[in-house]
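Worksheet: the structure to be examined is printed underneath.
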2 protein chains.
Amino acid sequence: MATRREELVSVAARLFAERGYHGTSMADLAEAMGVQKGSLYSLTGSKQELLVLVTREGAVAFHGALDAVPEDDEAPLERIRRALRGHLAVVAAQVDAATVFTREWRFLEEPERTAFRAERRRYEERWGDLLREAAERGALRSDLDVPAAVLLVLSAANWAYTWIRPGADTDALADRFFVILLDGVRGYATRPA
Amino acid sequence: MATRREELVSVAARLFAERGYHGTSMADLAEAMGVQKGSLYSLTGSKQELLVLVTREGAVAFHGALDAVPEDDEAPLERIRRALRGHLAVVAAQVDAATVFTREWRFLEEPERTAFRAERRRYEERWGDLLREAAERGALRSDLDVPAAVLLVLSAANWAYTWIRPGADTDALADRFFVILLDGVRGYATRPA
DNA sequence: CCTACCGATCGGTAGG
DNA sequence: CCTACCGATCGGTAGG
């Protein structure tokens with residue numbers, strides 16, 4: 001059973017995602033909670049605190065998805081596929097938190113803003129590790145431009161909040177991306193030998 | 001020589017990109033223009049009008065980049081490469097307008113908001129056409145998942161405003177993406193025959 | 001959780 | 001382009 005505080009955090013996630021942090025007023029949140037504006041301050045210290053909690057929720061979810069990727073060193077490509085599935089699953093299950101994590105985080109005040117950037121960088125580096133390890137194990141082509149590949153896959157992941165609908169088959173979507181990333185859009189015929 | 005009105009539009013692009021539409025006040029814009037707040041209303045009718053102008057600037061720039069792609073039907077892959085170069089070049093040359101176009105458009109009021117969405121859909125469809133035509137001409141693998149490929153390439157394009165720095169060699173960056181999109185991250189060795 | 005209120009700021013206008 | 005101002009709303013607080 002969700003506490004009123006937890007309810008408020010999830011309402012904040014929804015409205016921050018819909019209208020933006022600065023486009024959402026405490027009065028908006030109060031109305032969505034069915035209480036008067038002043039009453040919110042028994043549940044949170046400030047609007048900014050709600051932003052901190054929602055972005056943190058996103059960070060935890062995305063890192064958690066990567067944590068769930070099996071450690072199996074024998075299948076580095078499969079690990080990448082799992083990571084992509086995991087990321088898209090988080091976006092579908094927690095669109096609002098994912099949206100705030102990806103788009104509204106910049107309205108965090110210091111020092112949380114800097115801490116957030118470090119946290120996000122850490123997430124991106126974990127993706128970099130996944131690809132780098134796969135390359136080192138020979139599962140990726142030896143002449144691969146790893147930084148560009150990381151940026152490409154993170155672009156797909158980070159843009160997902162704009163189009164994923166809750167309830168979508170994210171595993172299938174992730175696999176469709178994965179197939180293209182693996183072997184490219186070009187036909188075998190025109191591929192160099 | 002830029003008029004004061006044009007200056008205001010470009011200042012609005014910068015601040016809307018930096019602080020968000022709702023995070024930017026008319027007082028902020030006035031300060032950046034070096035005038036009093038009330039004076040802005042001889043240059044624009046409203047803050048919302050500025051948002052309309054900036055998003056429109058982005059739309060014109062992105063469509064213009066696609067218009068500049070040569071019509072040569074003999075080289076459908078080259079056209080895709082050119083389109084990617086063009087998009088990233090716009091992002092680098094007009095980061096602020098590109099950012100507002102990609103992220104702040106949702107604060108447009110009706111009916112401009114709906115019109116914007118149609119415009120953006122048209123842009124995405126032009127990308128879809130590029131890939132579909134390439135597929136039809138046999139330049140892409142026959143079993144390609146075209147919708148997923150379009151979404152992947154648009155993800156890379158739409159996410160670019162978050163990391164591209166003005167002055168970057170966007171042609172080289174576009175080509176690095178293009179190479180990966182073409183033949184994938186996997187090595188030749190493990191590729192099916 | 002409510003009522004009542006705070007000073008500050010919001011986008012915008014009038015008149016010059 | 002300025003000064004002076006409008007009513008509305010902002011995030012937040014006091015006291016119950």
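All figures in this text were calculated on a predicted structure; none of them were measured in a lab. Basis for what follows: all heavy atoms, side chains included, without hydrogens, waters or symmetry-related copies. Chain identifiers are assigned alphabetically (A, B, ...) following the order of the sequence lines, protein sequences preceding nucleic acid strands; residue numbering begins at 1 within each chain.
- The line from CZ of B/Arg137 to CD of B/Glu74 is 7.5 Å long, rounded to the nearest 0.5 Å.
- Using a 4.0 Å heavy-atom criterion, one finds that B/Thr24 contacts the sugar-phosphate atoms exclusively.
- C/dC6: Watson-Crick or G-U partner is D/dG11, with both key distances under 3.5 Å.
- Heavy-atom contacts of chain A under 4.0 Å fall on DNA chain D between two terminal nucleotides, which in 5' to 3' order are D/dC10 to D/dT13.
- Proximity of A/Glu119 to A/Thr55: side-chain heavy atoms (C-beta onward) are nowhere separated by under 4.5 Å.
- Pairing for D/dG16 goes to C/dC1, judged as Watson-Crick or G-U wobble with the two contacts each under 3.5 Å.
- Comparing B/Met33 and B/Lys37 by the nucleotide of DNA chain D that holds the closest heavy atom to each, the one mapping nearer the 5' end is B/Met33.
- At a threshold of 4.0 angstrom between heavy atoms, the contacts of B/Ser25 are confined to the sugar-phosphate backbone, with no base atom among them.
- Of the possible polar contacts, none joining the A/Glu124 side chain to the A/Leu154 backbone as a donor-acceptor pair under 3.5 Å is found.
- Checking B/Asp28 against B/Ser25 by side-chain atom types alone, a donor-acceptor pair falls below 3.5 Å.
- A salt bridge links A/Asp67 with A/Arg126: the distance from a Lys NZ or Arg NE/NH1/NH2 to an Asp or Glu carboxylate oxygen falls below 4.0 Å.
- Atom CZ of B/Arg106 has more than 12 neighbouring heavy atoms from other residues, nucleotides or ligands inside a 6.0 Å radius.
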